[in-house]
Amino acid sequence: MKRTKEKVTIKELRVLGSYGKMYHNAEVYPHSLRKLSKDVKKSDTTAIAIAALLLSQILTPNAVLIPVPQSSGKADYTLELANTIRVIRQDCEVVDILSGTPRKKLYDIKKIKTSLKGVRTGLKVKESADCKETLQAHSDIFLLDNVVNTGFTFNRARKALRKYIKIEPSLLAISATSNWLN
């Protein structure tokens, strides 16, 4: 069966490279970006430090990072990654304002279903969020995730943010599947 794709428009996509490819500087990171993405997902502190160092080099000055929640409904490893980037790049801010409903991992859903249509993430801005002024004051706002595959999570996070404030975020990720880089 053919998978149907939802149209996703991203203001700007910044990634280290293609998901299966080797990082271009083997002295800095000698493995594939797929391995780095997976190790970050496992909350491996070394992988998070390396990914933060590499991502901090492609991030715009004075950016705001919004970590994307995982299937648990919370931003776990993406929040840790964002905070590590902030330590390296002291000119950026981290705003942890998104939460979601716990659900199955999208990877597992995609193995069963031909489409992600109808899948509920429950992504929303936390009720305790108080950062409209911060977001309005910055033009470079990035949703932070480990991998861009279909754009499903990004699109849901973007829609949740739009209900809170009229912004068009960019996307910062460790890697993207080849369909995003073609």
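In what follows, residues are counted from 1 in the order of the sequence shown.
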Enquirer: With sequence neighbours excluded, what pairs up with Lys38 under the side chain to side chain contact (heavy atoms under 4.5 Å, CB included) test?
Expert: Tyr19, Arg34
Enquirer: Identify the heavy atoms of Ala75 and Pro67 that sit nearest to each other, and give their distance.
Expert: CB-CB, 3.8 Å
Enquirer: Can you find a pair of side-chain heavy atoms, one from Leu36 and one from Leu54, that are under 4.5 Å apart?
Expert: yes
Enquirer: In Å, rounded to the nearest 0.5 Å, how long is the span from NZ of Lys159 to CG of Leu123?
Expert: 11.0 Å
Enquirer: May I have the list of side-chain donor-acceptor pairs in residues 132-143 shorter than 3.5 Å, sequence neighbours left out?
Expert:
from	atom 1	to	atom 2	distance (Å)
His138	ND1	Thr134	O	2.8
Asp140	OD2	Thr60	OG1	3.0

Enquirer: Check Tyr77 against Ser43 and note the closest heavy-atom contact, atom names and distance.
Expert: CB-OG, 3.7 Å
Enquirer: Which residue pairs pass the salt bridge (Lys or Arg N to Asp or Glu O under 4.0 Å) test when at least one of the two sits in residues 9-19, sequence neighbours left out?
Expert: Glu12-Arg14
Enquirer: What distance separates Ser99 OG from Glu127 CD, expressed to the nearest 0.5 Å?
Expert: 8.5 Å
Enquirer: Return all side-chain donor-acceptor pairs below 3.5 angstrom for residues 80-87, not counting sequence neighbours, or 'none' if the list is empty.
Expert:
from	atom 1	to	atom 2	distance (Å)
Asn83	OD1	Arg86	NH2	2.9
Asn83	ND2	Leu79	O	3.3
Thr84	OG1	Glu80	O	2.8

Enquirer: State which residues pass ring pair (Phe, Tyr, Trp, His ring centres under 6.0 Å) with Tyr29; sequence neighbours excluded, sorted by chain then number.
Expert: His31
Enquirer: A side-chain contact here means heavy atoms from C-beta on lying under 4.5 Å apart; do Leu98 and Val125 qualify?
Expert: yes
Enquirer: Any heavy-atom pair between the side chains of Ser32 and Met22 that's under 4.5 Å?
Expert: yes
Enquirer: May I ask you to decide if Val68's main-chain N or O and Gln70's side chain share a donor-acceptor pair within less than 3.5 Å?
Expert: yes
Enquirer: First locate atom CD1 of Ile97, then atom SG of Cys131, and finally report the distance between them rounded to the nearest 0.5 Å.
Expert: 4.0 Å
Enquirer: Calculate, to the nearest 0.5 Å, the distance between atoms CG and CG belonging to Leu172 and Leu59 respectively.
Expert: 6.0 Å
Enquirer: Could you grab the distance from atom CD1 of Ile88 to atom CG of Leu55, nearest 0.5 Å is fine?
Expert: 9.0 Å
Enquirer: Got Val147 and Ser175 here, is their nearest side-chain heavy-atom distance under 4.5 Å?
Expert: yes
Enquirer: Quick one: does Ile48's side chain get under 4.5 Å of Thr45's, heavy atoms only?
Expert: no
Enquirer: Enumerate the side-chain hydrogen bond (donor to acceptor under 3.5 Å, both in side chains) contacts for residues 161-171, please, sequence neighbours excluded, ordered by first and then second residue.
Expert: Arg158-Glu168
Enquirer: Side chains of Thr78 and Asn146: closer than 4.5 Å at any heavy-atom pair?
Expert: no
Enquirer: Would you compute the distance between atom CG of Leu16 and atom CD1 of Ile174 and round it to the nearest 0.5 angstrom?
Expert: 7.0 Å
Enquirer: Give a yes or no on whether Lys21 atom NZ has more than 12 heavy-atom contacts from other residues, nucleotides or ligands under 6.0 Å away.
Expert: no
